[in-house]
**Q** 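Handing you this structure, nothing more for now.
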Amino acid sequence: MREKQVLWADDEIDLLRPHTMFLGSRGYKVTPVTNGDDAIAMVKQRGFDIVLLDEMMAGRGGLSTLAMIKEINPDIPVIMITKNEEERLMEEALGHRIDDYLTKPVNPSQILSAC
């Protein structure tokens, strides 16, 4: 069975190393990026099975990144991960067809379950 390819875009990706290692031990290959523009470039270059996307990043934000990713590949599952619990944000993210929405702090098993 091949490893599932995960793209994880978060400006604090170094703090999430335990999470990426946990996913790696469960058969997921995690490609980390620190901003939306890099995430978009990676989606253009490679096929990913799922995208984990921080909502609040420096530069291009998560919602804008989400819209671009869905233009490139409308079928790729995207999980939005954020500290922001505003209902407006959740509604907007759902309007862009996210597949799940997690609120930080998240633990590795939450991420695994969502994947």
Side-chain angles (χ1 to χ4, degrees):
M1 190 165 96
R2 77 171 182 86
E3 287 181 314
K4 296 282 186 180
Q5 299 295 312
V6 177
L7 175 63
W8 196 333
D10 192 308
D11 58 347
E12 298 175 337
I13 197 70
D14 290 338
L15 301 175
L16 299 168
R17 180 162 279 126
H19 294 61
T20 61
M21 291 172 61
F22 180 79
L23 286 175
S25 73
R26 300 297 192 278
Y28 292 84
K29 168 76 171 104
V30 179
T31 301
V33 295
T34 59
N35 61 71
D37 290 329
D38 287 350
I40 293 164
M42 291 302 296
V43 169
K44 286 180 181 176
Q45 291 175 17
R46 296 187 15 212
F48 289 95
D49 296 301
I50 193 165
V51 175
L52 304 176
L53 183 62
D54 185 19
E55 188 265 327
M56 294 174 34
M57 295 182 286
R60 183 185 297 273
L63 290 174
S64 174
T65 302
L66 171 63
M68 293 295 295
I69 287 172
K70 288 296 188 173
E71 279 185 30
I72 297 163
N73 182 350
D75 299 323
I76 193 168
V78 177
I79 299 171
M80 181 76 68
I81 304 172
T82 184
K83 294 175 188 171
N84 190 339
E85 296 184 55
E86 288 182 28
E87 189 173 327
R88 173 207 56 82
L89 173 66
M90 286 187 218
E91 289 172 359
E92 194 170 341
L94 289 169
H96 284 291
R97 300 183 323 252
I98 62 164
D99 295 273
D100 206 346
Y101 189 97
L102 300 176
T103 304
K104 290 181 181 180
V106 292
N107 65 49
S109 60
Q110 283 177 287
I111 300 291
L112 178 63
S113 178
C115 287

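The first residue in the sequence is number 1, and the count goes up from there.
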**Q** Per the side-chain contact (heavy atoms from CB on, under 4.5 Å) rule, which among V43, L7, I13 passes with V33?
**A** L7
**Q** With rounding to the nearest 0.5 angstrom, report the CG to OG1 distance, D54 to T34.
**A** 11.0 Å
**Q** For a quick test of reading the model, state the closest non-hydrogen atom pair linking L53 to G62 and the distance between them.
**A** CD2-O, 3.3 Å
**Q** What is the distance from atom CE of M80 to atom OG1 of T103, rounded to the nearest 0.5 Å?
**A** 11.5 Å
**Q** Quick one: CD on Q45 to CD1 on I72, what's the gap to the nearest 0.5 Å?
**A** 10.5 Å
**Q** Please list all pairs meeting side chain to side chain donor-acceptor pair (under 3.5 Å) that have one or both residues in residues 5-20, counting only residues at least two apart or in different chains.
**A** Q5-R46, D10-K104
**Q** In this structure, would I81 and Y28 fall into the same cluster of hydrophobic residues linked by side-chain contacts under 4.5 Å?
**A** yes
**Q** If you look at every heavy atom in A114 and L102, which pair is closest and at what distance?
**A** CB-CD1, 4.1 Å
**Q** Report yes if some heavy atom in the side chain of V78 is under 4.5 Å from a heavy atom in the side chain of K70; otherwise report no.
**A** yes
**Q** Evaluate the side-chain proximity of D49 to C115: yes if any heavy-atom separation is below 4.5 Å, no if none is.
**A** no
**Q** Mind checking whether L112 and L16 sit in one hydrophobic cluster, side chains of I, L, V, M, F, W, Y counted as touching below 4.5 Å?
**A** yes
**Q** Hey, does L66 have a side-chain heavy atom less than 4.5 Å from the side chain of E55?
**A** no
**Q** Are V106 and L52 joined in one hydrophobic group, where the rule is that I, L, V, M, F, W and Y side chains link up if heavy atoms are under 4.5 Å apart?
**A** yes
**Q** Please find the pair of heavy atoms, one from P108 and one from F22, that lie closest to each other, and give the distance.
**A** CB-CD2, 3.4 Å
**Q** Does one hydrophobic cluster hold both V30 and V51, with members joined at side-chain heavy-atom distances below 4.5 Å?
**A** no
**Q** Is the closest side-chain heavy-atom distance between T65 and I40 below 4.5 Å?
**A** yes
**Q** When rounded to the nearest 0.5 angstrom, what is the spacing between CD1 in I50 and CD1 in I111?
**A** 9.0 Å
**Q** In this structure, would M68 and I79 fall into the same cluster of hydrophobic residues linked by side-chain contacts under 4.5 Å?
**A** no
